Amino acid sequence: KAEITKRLSSFVQSAPLHDSHKVVMVEEYQALSADAIQSFLKILEKRPYIHFIFTGMVDKTQNTKSDKVIAAFGALASRVPVFMMEAASTYNTMMYLHDILVKQNIDSDESIPKYIKMEGLALIAQNSENSYRKAVQMLDQCIKSEAYTKEDMEKLLNIRDEDDYYNLLTSIVNGKATKDTLDLLVQDDDVATTFNYMYNLLSSAAQYRTFNTVYMPKYIKSDFLEKKIVANAAALANNKNFDILLKGFESLNSSFSSYFNRSQYIIGMCNIISLCKNNSLKEQATRPTIPVRGSIPVRGSIPVRGSIP
């Protein structure tokens with residue numbers, strides 16, 4: 001970063017040689033620090049022949065920056081026109097990646113597993129944060145490392161398929177969660193992402209139970225993914241332990257309004273697992289015993305055939 005700042009300072013010191021203006025394009029501007037933004041503000045004010053183009057991905061629903069950085073972003077946005085582009089849909093991202101595979105003759109290469117040519121593209125698209133560039137970078141990593149299977153791709157990119165999160169929730173809500181389940185819930189460095197993904201799945205299930213449908217985000221735009229999301233939501237919503245699961249996640253989510261505490265998350269997940277398991281065991285204990293077809297209930301002694309009572 002120091003080298004970039006030095007090069008930028010050197011670039012803006014001199015006036016343009018051939019044209020009337022200089023243009024600087026800054027990518028991933030959301031990663032800038034508050035001090036870096038202040039430096040750009042000074043250049044904008046003192047050097048009118050320098051034009052900046054800032055590009056980046058911003059999620060307005062997630063406020064992870066400090067108040068100082070947020071204030072600096074506001075000051076920067078007030079001095080430049082802002083254009084908000086529609087996020088890349090999962091379907092469009094998959095088609096874009098598929099075109100890359102076709103151009104590189106990977107799609108027609110029968111020696112390469114089929115997973116990366118279809119399901120693998122969906123896995124990348126779902127975890128690309130609606131960014132074409134990030135999706136291409138992830139695909140490039142897989143090709144260079146020859147990671148063509150689900151297991152290899154998830155390990156290399158440190159990501160998970162939506163089905164993995166759904167299976168985790170299913171094991172919890174059915175009261176069948178084990179130590180391995182908890183290990184999967186907390187093994188990632190970013191457990192907040194794991195929690196948010198599962199909470200979104202539960203929110204979809206709550207929508208299905210109330211409205212008998214799930215409202216899809218604009219970036220989905222895929223019949224295959226929509227059907228899978230609705231099917232998963234319906235299965236969760238109709239589970240006997242769904243209310244316990246949803247209440248536990250809502251309680252955890254409200255406690256993480258200001259910051260995410262890993263220890264609190266682990267304790268909360270353990271409590272949710274314990275509540276679902278205990279409720280399942282309680283229902284099994286109170287469930288009436290159904291006699292096997294053809295069996296005769298025994299009341300007292302049964303006389304032997306041919307004997308006289």
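Fair warning: this is a prediction, and the values are worked out from it, not measured in the lab.
- Looking at residues two or more places apart in sequence or on another chain, you find a ring-ring contact (aromatic ring centres under 6.0 Å, His included) between Phe54 and Phe40, Phe52.
- Without hydrogens or angle criteria, Asn239 side chain to Ala235 main chain gives no donor-acceptor distance under 3.5 Å.
- Within 6.0 Å of OH in Tyr96 there are 12 or fewer heavy atoms belonging to other residues, nucleotides or ligands.
- Ion pair Glu154/Lys150 flagged as a salt bridge, since at least one NZ, NE, NH1 or NH2 atom sits closer than 4.0 Å to an Asp/Glu carboxylate oxygen.
- In this view, Asn167 satisfies the side-chain hydrogen bond (donor to acceptor under 3.5 Å, both in side chains) rule with no residue, not counting sequence neighbours.
- Hydrophobic side-chain contacts under 4.5 Å tie Ile267 to no other Ile, Leu, Val, Met, Phe, Trp or Tyr residue.
- The salt bridge (Lys or Arg N to Asp or Glu O under 4.0 Å) analysis of residues 134-144, with sequence neighbours excluded, yields the pairs Glu129-Lys134, Asp140-Lys144.
- To the nearest 0.5 Å, the span separating CD1 on Ile273 from CG on Leu245 amounts to 10.0 Å.
- Under the salt bridge (charged side-chain N to carboxylate O under 4.0 Å, His left out) criterion, Glu110 pairs with no residue at all, not counting sequence neighbours.
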Show me the side-chain donor-acceptor pairs of residues 201-211 shorter than 3.5 Å, one per line, residues at least two apart or across chains.
{"unit_1": "Ser203", "atom_1": "OG", "unit_2": "Tyr199", "atom_2": "O", "d": "2.9"}
{"unit_1": "Ser204", "atom_1": "OG", "unit_2": "Asn200", "atom_2": "O", "d": "3.2"}
{"unit_1": "Gln207", "atom_1": "OE1", "unit_2": "Tyr215", "atom_2": "N", "d": "3.0"}
{"unit_1": "Tyr208", "atom_1": "OH", "unit_2": "Asn212", "atom_2": "OD1", "d": "3.4"}
{"unit_1": "Arg209", "atom_1": "NH1", "unit_2": "Asp243", "atom_2": "OD1", "d": "2.6"}
{"unit_1": "Arg209", "atom_1": "NH2", "unit_2": "Asp243", "atom_2": "OD1", "d": "2.9"}
{"unit_1": "Thr210", "atom_1": "OG1", "unit_2": "Ala206", "atom_2": "O", "d": "3.1"}

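- Checked for salt-bridge contact, Glu27 and Arg133 meet the test: a charged N lies under 4.0 Å from a carboxylate O.
- Side-chain atoms of Thr149 and Asp152 include a donor-acceptor pair closer than 3.5 Å.
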